[in-house]
Trainee: 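Below you'll find the structure I mean.
Being a predicted model, the structure only gives us computed values, none of them experimental. All residue numbers in this chain count up from 1 along the given sequence.
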Amino acid sequence: MRKVIGIGETVFDIIFRNNKPIGGVPGGSTFNSMISLGRCGIPGVFLSETGDDKIGDIVCSYLEENGVSSSGVDKGGKSHISLAFLNEKNDAEYLFYKDHPHDRASMSLPEINADDIVLFGSYYAINPVIRQKVKSLIEYAHNQGAIIYYDINFRSSHAHERDSLLSNIEENFAFADIIRGSNEDFQIVYNENDYNKLYSTINKCNNNKVLLYTCGADPTTLKSSTSNEIKMNIKPIPTVSTIGAGDNFNAGFIYSLIRDNIRKADIHRGLSSDQWLSVLNTAQSFSAECCQSIDNTISLEFAKKMKL
């Protein structure tokens with residue numbers, strides 16, 4: 001089976017409701033996606049770093065217990081902590097406690113084959129401290145014929161760094177086959193929310209991209225140069241927490257590419273509307289499932305039904 005290589009940060013999420021902690025779980029954007037994919041039986045390896053402490057032990061054990069190799073996780077310094085405060089809509093406001101000089105993952109190259117999938121994104125993908133390591137790995141994966149999936153996930157807390165980081169973001173666009181961004185991401189990065197204009201901007205970095213444009217409860221749009229524009233309505237559901245909703249959308253999308261044997265050439269050649277809708281529906285089902293608990297991932301029961 002094809003494998004997934006995830007690149008991203010690790011944090012330990014402590015979740016609050018009404019200013020009281022209600023749970024804690026290892027997390028991080030790409031980390032959450034990898035756990036859900038591992039639970040579905042998809043081989044994966046996670047490249048990151050964590051603290052040389054009890055939290056670091058928990059993080060690595062959690063990966064292995066859920067079928068994801070922790071062989072690419074370096075230990076050192078202190079683990080990162082995230083405090084997530086849920087509001088009345090169960091959306092989260094975050095406080096991060098990070099030891100940034102500790103961002104020094106070795107990024108040793110794992111075996112990457114054609115049509116494997118590399119998932120990366122968030123600040124970790126553009127952090128100047130480790131930028132050259134991340135870029136080298138993505139360039140290698142691109143040259144090997146892997147599918148590159150880039151989730152922008154650019155938070156407002158880094159908006160003041162936008163000008164200095166834009167070149168890194170656009171380098172990621174150039175390597176990526178699939179790019180996911182929210183209306184909030186693009187508002188911060190380009191001060192623009194017209195996805196047609198955004199698609200033209202992204203394609204200037206390199207042609208033939210697939211753009212996934214998400215907008216909260218509004219329809220998700222998939223746009224590419226070789227397929228019809230697809231819109232998918234978001235079904236309203238009762239939520240316990242929206243933490244990890246986008247991460248699990250990514251997991252469901254990638255899961256579908258492997259389940260349906262969709263390869264890099266197929267993406268660039270163009271899929272039918274029905275094929276893309278099937279992928280999007282599965283992505284949304286993963287996201288909706290994640291929102292049913294305070295965990296950042298799909299449940300073990302849901303994963304069992306989806307096992308490949």
Trainee: More than 12 heavy atoms of other residues, nucleotides or ligands under 6.0 Å from NZ of Lys197: is that the case?
Mentor: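 12 or below, so no.
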Trainee: Please list, chain by chain and in numerical order, all residues satisfying side chain to side chain donor-acceptor pair (under 3.5 Å) with Asp57, sequence neighbours excluded.
Mentor: Lys75
Trainee: Does Glu161 reach the main-chain N or O of His158 with its side chain, forming a donor-acceptor pair under 3.5 Å?
Mentor: no
Trainee: Side chains of residues 139-148: which donor-acceptor pairs under 3.5 Å do they make with residues two or more places apart or in other chains?
Mentor:
| from | atom 1 | to | atom 2 | distance (Å) |
| --- | --- | --- | --- | --- |
| Asn143 | ND2 | Glu139 | O | 3.3 |
| Gln144 | NE2 | Ile112 | O | 3.2 |

Trainee: Suppose we call two aromatic rings close when their centres sit under 6.0 Å apart. Are Tyr150 and Phe120 close by that rule?
Mentor: yes
Trainee: Under the side chain to side chain donor-acceptor pair (under 3.5 Å) test, which residues partner Arg155, sequence neighbours left out?
Mentor: none
Trainee: What distance do Asn203 atom CG and Asn208 atom CG have between them, rounded to the nearest 0.5 Å?
Mentor: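 Answer rounded to 0.5 Å: 7.5 Å.
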Trainee: Which residues satisfy the ring pair (Phe, Tyr, Trp, His ring centres under 6.0 Å) test with Phe12, sequence neighbours excluded?
Mentor: none
Trainee: The criterion is side chain to side chain donor-acceptor pair (under 3.5 Å); which residues satisfy it with Glu170, sequence neighbours excluded?
Mentor: Tyr190
Trainee: Sequence neighbours excluded, which residues qualify as salt bridge (charged side-chain N to carboxylate O under 4.0 Å, His left out) partners of Lys3?
Mentor: Asp116
Trainee: For residues 301-308, tabulate all N or O donor-acceptor pairs below 3.5 Å that involve a side-chain atom, not counting sequence neighbours.
Mentor:
| from | atom 1 | to | atom 2 | distance (Å) |
| --- | --- | --- | --- | --- |
| Lys307 | NZ | Arg39 | O | 3.4 |

Trainee: Going by side chain to side chain donor-acceptor pair (under 3.5 Å), name the residues that satisfy it together with Ser293, two or more places apart in sequence or in a different chain.
Mentor: none
Trainee: Apply salt bridge (charged side-chain N to carboxylate O under 4.0 Å, His left out) to Glu65 and list each qualifying residue two or more places apart in sequence or on a separate chain.
Mentor: none
Trainee: Who passes ring pair (Phe, Tyr, Trp, His ring centres under 6.0 Å) against Phe253, sequence neighbours left out?
Mentor: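 So Phe253 forms a ring pair (Phe, Tyr, Trp, His ring centres under 6.0 Å) with Tyr149, Trp276.
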Trainee: In this structure, which one of Ser224, Ser225, Ser227 forms a side-chain contact (heavy atoms from CB on, under 4.5 Å) with Val210?
Mentor: Ser224
Trainee: For Ala92, which residues count as a side chain to side chain contact (heavy atoms under 4.5 Å, CB included) partner, sequence neighbours excluded?
Mentor: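 Only Ala84, Leu86, Tyr94, Ile243 meet the side chain to side chain contact (heavy atoms under 4.5 Å, CB included) criterion with Ala92.
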Trainee: If you measure from the Lys or Arg side-chain nitrogens to the Asp or Glu carboxylate oxygens, is any gap between Asp266 and Arg263 under 4.0 Å?
Mentor: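 Between Arg263 and Asp266 there is no salt bridge, as every charged N stays at least 4.0 Å from the carboxylate O atoms.
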Trainee: In terms of hydrophobic clustering (I, L, V, M, F, W, Y; side-chain heavy atoms under 4.5 Å; direct or indirect links), are Ile117 and Phe286 co-clustered?
Mentor: yes
Trainee: Taking it one step at a time, do Ser299 and Glu289 satisfy side chain to side chain donor-acceptor pair (under 3.5 Å)?
Mentor: CA-CA 7 Å; Ser299 67; Glu289 167 64 19; 2.6 Å; yes
Trainee: Let me have the donor-acceptor pairs involving side chains of residues 19-32, under 3.5 Å, with sequence neighbours excluded, atom names and distances please.
Mentor:
| from | atom 1 | to | atom 2 | distance (Å) |
| --- | --- | --- | --- | --- |
| Ser29 | OG | Asn153 | ND2 | 3.3 |
| Ser29 | OG | Asp247 | OD1 | 2.7 |
| Thr30 | OG1 | Ile7 | O | 3.2 |
| Asn32 | ND2 | Gly28 | O | 3.2 |
| Asn32 | ND2 | Asp247 | OD2 | 2.8 |

